[in-house]
Amino acid sequence: MKQSGTSALLQDAVLDMASSVASALSGGGRAPDGITTGGGPSGDLELAAARVLGADLVLPTVLCGIQPTADRLDLARRALEAFPPRPEAPPTVRWSHWALRRAVRQADPSGSDGRRPPEPDAAWLDAVPWPFLTHQLAVLAPLALPGEDCAPARAARARTLDVARGFVRAVRRRDWLQAAGAGRWLTLLPDVPETLGLAAGLDFVELMGGDDPRVLLQVRAARLTGAGALV
């Protein structure tokens, strides 16, 4: 029962944090709301929530040029230190950690040595079925950034049609979070079929799943990332 209660509290913390980021992406140039970063239980909970949200914690800096607060940068750095990938961690965990490290370096270049962190292995994406590819890319949606390159981005660019199929499948299955993540990738990919109707598809995903701040974050990120592609 205690574990169940803690999981619920963590999920609420993730949703609150995603909501603040989605609000900052909505336009208005406002920095994400302040956060508590104390050392007590609430601080520990927010630290874990920051690790779940990952690189999107500082996404307004990347997409909107909004200066992150000192508290938010400190939280991102502490999440990196507190949750390093374990040796048995799955690839998505390793890549999420890498993405957060890259995001912190971009948000505050003065706090790093300027070197790009080495990429984790990406061989697990080679020749995987398209539903699995879409699922993995949706989990790694924080890597979908304009002008940024990495192995998952290259894998996605090589399989635009498969990601488009995955987007449609996620919508049909009413998996709004996966659909939003796949849609975010599609705004960056070449040769997306016009018949997909990506802009209208993202509108529908927001309409149906926008009560979830994580979905709203991904949809707004997709629109900002692919402003030209979605016209």
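Using modelled atom types, one side-chain atom of Thr160 and one backbone atom of Pro190 make a donor-acceptor pair closer than 3.5 Å. For the pair Ser23 (side chain) and Ser19 (backbone), a donor-acceptor distance under 3.5 Å is absent. Judged purely by atom type and a 3.5 angstrom limit, His135 has no side-chain atom pairing as donor or acceptor with the backbone of Gln178. For the pair Arg223 (side chain) and Ser26 (backbone), a donor-acceptor distance under 3.5 Å is absent.
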_Intermediate values then yes/no, salt bridge (charged side-chain N to carboxylate O under 4.0 Å, His left out), Asp44 and Arg78_ = CA-CA 10 Å; Asp44 292 342; Arg78 291 193 297 114; over 6 Å; no

*asked:* Go through it in stages, so that I can follow the logic: the residues are Leu196 and Phe167, the test is side chain to side chain contact (heavy atoms under 4.5 Å, CB included), and I'd like the CA-CA distance, side-chain angles, deciding distance and then a yes or no.
replied: CA-CA 9 Å; Leu196 180 65; Phe167 174 77; 4.0 Å; yes

*Does the side chain to side chain contact (heavy atoms under 4.5 Å, CB included) test come out yes or no for Met17 and Leu75, once each step is laid out?*
CA-CA 12 Å; Met17 204 168 285; Leu75 181 64; 4.0 Å; yes

*List the steps, then state whether side chain to side chain contact (heavy atoms under 4.5 Å, CB included) holds for Leu145 with Leu59.*
CA-CA 9 Å; Leu145 297 173; Leu59 186 61; 3.6 Å; yes

*Residues Thr134, Arg169; criterion side chain to side chain contact (heavy atoms under 4.5 Å, CB included); working and verdict*: CA-CA 9 Å; Thr134 304; Arg169 179 177 182 267; over 6 Å; no

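Using a 4.0 Å cut-off between charged nitrogen and carboxylate oxygen, Asp162 and Arg165 count as a salt-bridge pair. The residues Asp149 and Arg157 are annotated as salt-bridged, a charged nitrogen and a carboxylate oxygen being separated by less than 4.0 angstrom. Taking 4.0 Å as the cut-off between side-chain N and carboxylate O, Asp108 and Arg72 do not count as a salt-bridged pair. Salt-bridge check for Arg154 with Glu119: passed, with a basic side-chain N closer than 4.0 Å to an acidic carboxylate O. Of the charged side-chain nitrogens involved, none lies within less than 4.0 Å of a carboxylate oxygen, so that Asp175 and Arg173 do not count as a salt-bridged pair.
The structure places CG of Asp212 at 10.0 Å from CD of Gln218, a figure rounded to the nearest 0.5 Å. Rounding to the nearest 0.5 Å places CD of Glu81 at 9.5 Å from CG of Leu47. From Trp176, atom CH2 reaches atom CG of Asp211 across 12.0 Å, with rounding to the nearest 0.5 Å. Put simply, CG on Leu80 and CZ on Arg105 are 12.0 Å apart, with the number rounded to the nearest 0.5 Å.
Thr61 has its side chain out of reach of Gln106: every pair of non-hydrogen atoms, C-beta onward, lies at least 4.5 Å apart. Within the 4.5 Å cutoff, the side chain of Trp130 has no heavy atoms near those of the Val163 side chain. Proximity of Pro85 to Trp98: side-chain heavy atoms (C-beta onward) are nowhere separated by under 4.5 Å. You'll find the side chain of Asp121 stays beyond 4.5 Å of the side chain of Arg94, heavy atoms only.
One hydrophobic cluster, built from ILVMFWY side chains closer than 4.5 Å, cannot hold both Leu100 and Leu63; they sit in different ones. Under a hydrophobic clustering in which Ile, Leu, Val, Met, Phe, Trp and Tyr are joined whenever their side-chain heavy atoms come within less than 4.5 Å, directly or via other members, Val171 and Leu137 fall into the same cluster. Leu133 and Val139 fall into different hydrophobic clusters, where Ile, Leu, Val, Met, Phe, Trp and Tyr residues are linked whenever their side-chain heavy atoms come under 4.5 Å apart, directly or through other members. Hydrophobic cluster membership differs between Leu186 and Leu216, with clusters built from Ile, Leu, Val, Met, Phe, Trp and Tyr side chains linked at under 4.5 angstrom. Put simply, Val14 and Val58 are part of two different groups of oily side chains (I, L, V, M, F, W, Y) that touch within less than 4.5 Å, one to the next.
Between Leu202 and Val219, the shortest heavy-atom contact is O-CG1, 4.0 Å. Contact record, Leu10 with Ala48: CD1-CB, 3.7 Å, taken as the closest heavy-atom pair. Of all non-hydrogen atoms in Ala99 and Ala55, the two that sit nearest each other are O-CB, 3.5 Å. The two atoms that bring Pro120 and Trp95 nearest to each other are O-CZ2, 3.3 Å, heavy atoms only. Taking both residues in full, the closest heavy atoms of Ala156 and Trp185 are given as CB-CE3, 4.0 Å, listed atom of the first, atom of the second, then distance. Looking at every heavy atom in both residues, Leu25 comes nearest to Leu217 through CD1-O, 3.9 Å.
Counting only N and O atoms by type, the side chains of Trp124 and Gln136 include a donor and acceptor under 3.5 Å apart.
Around CG of Asp191, the count of heavy atoms belonging to other residues, nucleotides or ligands within 6.0 Å does not exceed 12. Atom CD of Glu194 sits in a sparse spot, with 12 or fewer heavy atoms from other residues, nucleotides or ligands closer than 6.0 Å.
For the side-chain contact (heavy atoms from CB on, under 4.5 Å) with Ser96, the lone residue among Leu53, Leu143, Val52, Leu140 that qualifies is Leu140.
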